[in-house]
Amino acid sequence: MTSQNSKTSNRWLQPRRVTVIAMHTFTQLVRMKVFYFLSVFALIVIAANFLDLPQFNGPEAIGVGELQMLKSTCMGVMKLFAVVFVIAATALLLPKDVEDRTLYTILAKPVPRLDYLVGKIAGVLLLVFVSLLLMDLLMTVVLSFRTNHLLVDQLSWAEARGWTQEAIDSERRDIIAQGPTWSFQGAVFAIFLQSAIIGAVALLLSTFSTSTLFTIILSFLIYLIGHFQADAADYYKATAEAGSNAFTTTMTKLLSLIFPNFQLFNVIDAVIEGIPMTMNAIISLTGLSLFYVVLYTMLSWFVFSDKEF
Amino acid sequence: MTSETAVEIRDLVKDFRSPLRGVKAFRAVDGVSLRIQAGEVYGLIGPNGSGKSTTMKALLGLVAPSSGTCSIFGKDSLKVDSRNDVGFLPENPYFYKHLTGAETLRFYGKLCNLRGKLLENRVTELLELVDLTNARDRRLGGYSKGMLQRIGLAQAMVQDPRLLILDEPTAGVDPIGSRQIRDLIMTLRDRGITVFLCSHLLEQVQEVCDHVGIIFQGKMVKEGRLDDLIAIEDQTEVVMKNASPELMEKIRTLVEQEESATLLRMGKPRTTLERLFLRETQIDKK
Ligand SMILES: Nc1ncnc2c1ncn2[C@@H]1O[C@H](COP(=O)(O)OP(=O)(O)OP(=O)(O)O)[C@@H](O)[C@H]1O
Ligand SMILES: [Mg+2]
C-alpha cells in the first residue's frame with residue numbers, strides 16, 4: 001500500500017507546488033471580488049478625461065498639461081491601488097490561514113514552509129500584476145485617443161497662428177512624448193515592482209506580528225520611510241563631517257538595506273512629466289526590487305520556519 | 001500484517017511559553033511516549049486540555065517539541081518528507097470557504113503531487129466515500145459542520161496515505177454520519193492503513209481501536225492493547241442471549257455452591273472503557 005508519490009523528493013521551491021499555492025491564492029482573492037475595484041478605476045479614468053484644466057501655462061501648453069494631468073491622476077490611482085491592495089492582501093491572508101487552521105491542513109501535506117510563503121506572495125503579486133495590466137490597457141487606450149485628438153487640435157491651432165514648421169514639429173514631439181510611450185509602460189511596471197517590494201515587507205511583518213492591523217500600519221510606515229530615507233541620509237551626510245564619520249556611513253548603508261529606498265521609484269513621476277525612462281533604469285529597478293523581494297522573503301522564511309500554530 | 005513502526009513518539013515534552021506572563025511556561029505534554037505498529041488503530045483519549053491535539057501536532061511537525069522526538073515511518077516529523085505518507089484531519093476543521101468540495105480536494109491533491117486523470121478519479125471516489133457527491137459543486141462556505149468534518153476526512157485521505165491522524169473525527173457529526181465514519185475507519189483498517197485518532201466518544205473508541213492510550217494533564221497514564229486494558233483478570237464474564245430467568249436462577253445457585261467463586265453482578269454488559277477512563281483520570285486528580 002505504498003503511495004506512488006512517496007518517492008518524489010520534497011525539495012524546496014518545487015515550481016509546480018508553488019504554482020498550485022499561488023493560483024489558489026489568486027482565485028481566493030478574485031473570489032473576494034477584488035476586481036470590482038477595476039470598474040471604479042474605469043470611472044476615474046473616464047472622469048479624469050473630461051476634467052477641465054486651469055490654464056496656467058498659456059494656451060500652447062494646455063495640451064501637454066492636460067495629458068500630464070490625466071496621467072498623474074490615473075497613475076496615482078494605480079499606485080494607490082497597488083500599494084493598498086498588496087499590503088492589505090498580504091497582511092490578511094497569512095493570519096487568516098493561521099486563524100482558520102487551514103494552514104494545518106496545508107503544512108500537514110508534504111509542503112515546505114518556504115513553498116507556502118513564496119506561493120502566497122506570488123499569488124498576491126500575480127493579482128496585482130493582472131490588475132495593473134488591465135488598468136494599463138484601459139489607460140493606454142484612453143491616452144492614445146486623447147493624444148491623437150490633441151495633436152489634431154493643437155497643430156491646426158498652431159498652423160492657423162502661422163507657426164514655423166520647426167515650431168510645429170517640436171510641438172508635435174512634445175505632445176507625443178506625453179502620450180502612451182514605452183516609458184509610460186515602464187512606469188507602470190515600476191509601480192508593480194514597488195508594490196512587490198512593499199508586499200514582501202508586509203509578508204515579513206505578518207510572519208511575526210500578532211495583529212493584522214499592526215502589520216498594515218507598519219507596512220505603510222515603512223513605505224513612507226522608504227520615500228524619505230534617502231532625504232534623511234543626505235541630510236545626515238551633510239551634517240556629519242564629510243567622509244570622516246564611518247559610523248554614519250555604515251548606518252546609512254544599513255538603513256538602506258533594511259528599508260527599501262523608494263526614491264529610485266521617482267522615475268514614475270518623471271515619466272508623468274514626459275521625461276523618457278531608459279532601459280537601464282528599468283533593468284536596475286528590476287534588479288533592486290528582486291534583491292529586496294528575495295531578501296524579505298528569506299527573512300520571512302527564517303521567522304516562519306520556527307513558528308508554531 | 002507487517003510489523004513496521006508507523007508512529008514513534010519518544011519522551012515528548014512540549015512547553016508553551018506565554019508571551020505575557022513571561023517566565024512561567026505551560027507544560028502541555030509531559031514525557032509522552034508511544035509507538036504504533038503499521039496497520040493498527042490507536043485511540044488517544046483524555047479530558048479536555050490534556051494534550052491530545054498538541055501531541056498530534058508535534059507528530060506532524062506543526063509544533064516543535066521542547067524535547068523528545070517524533071517520527072512517522074522512521075522519518076523525523078520535523079522533516080517535510082515525513083508528511084508524504086500521512087493524512088491529517090485537525091479538530092474543528094475549517095477550509096477555504098471560497099472553494100467547492102471538489103476544488104478543495106483537487107487543491108490538496110495537487111499539493112501532494114497528484115494530477116490529471118488520476119486526481120480527478122480520486123476526487124470523485126473520495127466524494128463518494130464521504131457521501132458528499134451531491135455537494136460536490138457547492139462552496140464550503142455553505143457546508144454544515146458535519147459536512148466540513150467529512151470533507152476534511154476526504155482531504156486527509158487524498159494521496160492515499162498509509163497513516164491517518166484524526167483529531168476528533170466524529171465531533172459535530174450526526175449519529176448516522178458518525179457511524180459511517182466509524183465504519184470507514186474499520187474499512188481502512190482492513191486495507192492495512194494505520195489510524196491514530198483521538199475522540200471523546202469512548203464507545204466508538206472501544207469499537208474501532210486495537211490500542212488505547214489515556215492521557216491526563218500531559219502525561220500518559222495508561223497504555224496498551226484495548227483487550228488487555230479492559231479485561232479484569234480475576235473476573236469472568238458470561239454473555240448469553242435469550243437467557244430465561246429460570247436459567248439465571250440455576251446459575252446463581254450453582255455459583256453459590258462453589259467455595260472460591262462469588263457472583264458479582266448479573267445484567268446487561270457495560271462500556272467498560274468508559275469506567276476505566278473515569279477511574280484513571282480521577283485517581284490522579286487527588
Ligand atoms: N498554542 C498554544 N499556546 C499556549 N497553550 C497552548 C497552545 N496550544 C495548546 N495549549 C495548551 O496546551 C494544553 C493542551 O491542549 P490540547 O489542545 O493538546 O488539548 P486536547 O487534549 O486536544 O483538548 P481537547 O479535548 O479540548 O481538544 C491546553 O491546556 C492548552 O491550553
Ligand atoms: Mg484537541
Side-chain angles (χ1 to χ4, degrees), chain A residues 1-34 93 96-116 119-120 123 208-211 301 304-309, chain B residues 2 14 16 19 38-39 53-54 56-64 73 75 78-99 103-104 106-115 118 139 141 152 155-156 158-162 165 167 191-194:
Chain A
M1 192 68 57
T2 335
S3 340
Q4 70 286 3
N5 54 318
S6 56
K7 271 149 249 143
T8 53
S9 73
N10 292 300
R11 64 195 158 78
W12 293 322
L13 290 179
Q14 197 176 299
R16 183 172 278 127
R17 192 159 41 208
V18 174
T19 313
V20 170
I21 298 173
M23 284 318 292
H24 168 258
T25 308
F26 182 77
T27 342
Q28 187 179 10
L29 291 169
V30 168
R31 292 190 185 171
M32 282 178 176
K33 315 231 162 34
V34 180
L93 286 180
K96 196 164 148 50
D97 272 7
V98 176
E99 227 166 80
D100 293 350
R101 300 197 202 87
T102 38
L103 189 59
Y104 291 172
T105 55
I106 293 178
L107 294 183
K109 299 285 178 213
V111 177
R113 293 187 178 196
L114 180 62
D115 289 25
Y116 171 79
K120 278 279 154 188
F208 58 77
S209 102
T210 43
S211 112
W301 179 41
F304 193 65
S305 58
D306 286 335
K307 213 171 149 83
E308 308 192 323
F309 314 100
Chain B
T2 50
K14 179 64 203 173
F16 284 110
S53 301
T54 309
M56 289 184 160
K57 280 185 213 163
L59 185 58
L60 285 154
L62 294 171
V63 300
F73 292 111
K75 289 175 187 146
L78 294 173
K79 302 255 159 59
V80 176
D81 282 340
S82 71
R83 266 151 261 156
N84 273 340
D85 252 343
V86 59
F88 176 49
L89 170 70
E91 58 185 334
N92 308 319
Y94 199 90
F95 300 97
Y96 291 107
K97 272 199 242 171
H98 68 277
L99 296 179
E103 282 171 336
T104 303
R106 223 171 275 141
F107 172 60
Y108 288 103
K110 281 182 191 159
L111 288 182
C112 296
N113 285 320
L114 296 177
R115 55 190 158 271
L118 196 70
R139 294 225 178 140
Q155 164 277 127
V158 74
Q159 86 272 38
D160 201 7
R162 284 189 291 163
I165 299 181
D167 198 341
R191 280 170 49 194
I193 291 173
T194 317

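Chain A is the first sequence line, chain B the second, and so forth, proteins listed ahead of strands; every chain is numbered from 1.
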Bottom line for A:K96: the part with an atom under 4.5 Å from chain B's heavy atoms is neither
Just so I understand: if I count every heavy-atom pair under 4.5 Å between each of A:R101, A:R16, A:R113 and chain B, which residue has the most? A:R16
In terms of side-chain geometry, is the basic nitrogen of A:R17 or A:D115 positioned less than 4.0 Å from the acidic oxygen of its partner? yes
Chain A contact via B:E103 - side chain, backbone, both or neither, heavy atoms under 4.5 Å: side chain
Considering all heavy atoms, the nearest A:A108-B:R83 contact: O-CG, 3.2 Å
Could you measure the distance from the OG atom of A:S305 to the CG atom of A:L114? Nearest 0.5 Å is fine. 9.0 Å
Sort by residue number and list every residue of residues 24-32 of chain A having at least one heavy atom under 4.5 Å from chain B. A:H24, A:T27, A:Q28, A:R31
Please list every donor-acceptor pair under 3.5 Å in which a side-chain atom of residues 92-99 of chain B meets a protein atom from a residue at least two apart or in another chain.
from: B:Y96; atom 1: OH; to: A:D97; atom 2: OD1; distance (Å): 2.8
from: B:Y96; atom 1: OH; to: A:D97; atom 2: OD2; distance (Å): 2.6

If you look at every heavy atom in A:P110 and B:C112, which pair is closest and at what distance? CD-SG, 4.1 Å
Rounded to the nearest 0.5 Å, what separation is found between the NZ atom of B:K79 and the CG atom of B:N84? 13.5 Å
Can you tell me if B:R115 has over 12 outside heavy atoms packed within less than 6.0 Å of its CZ? yes
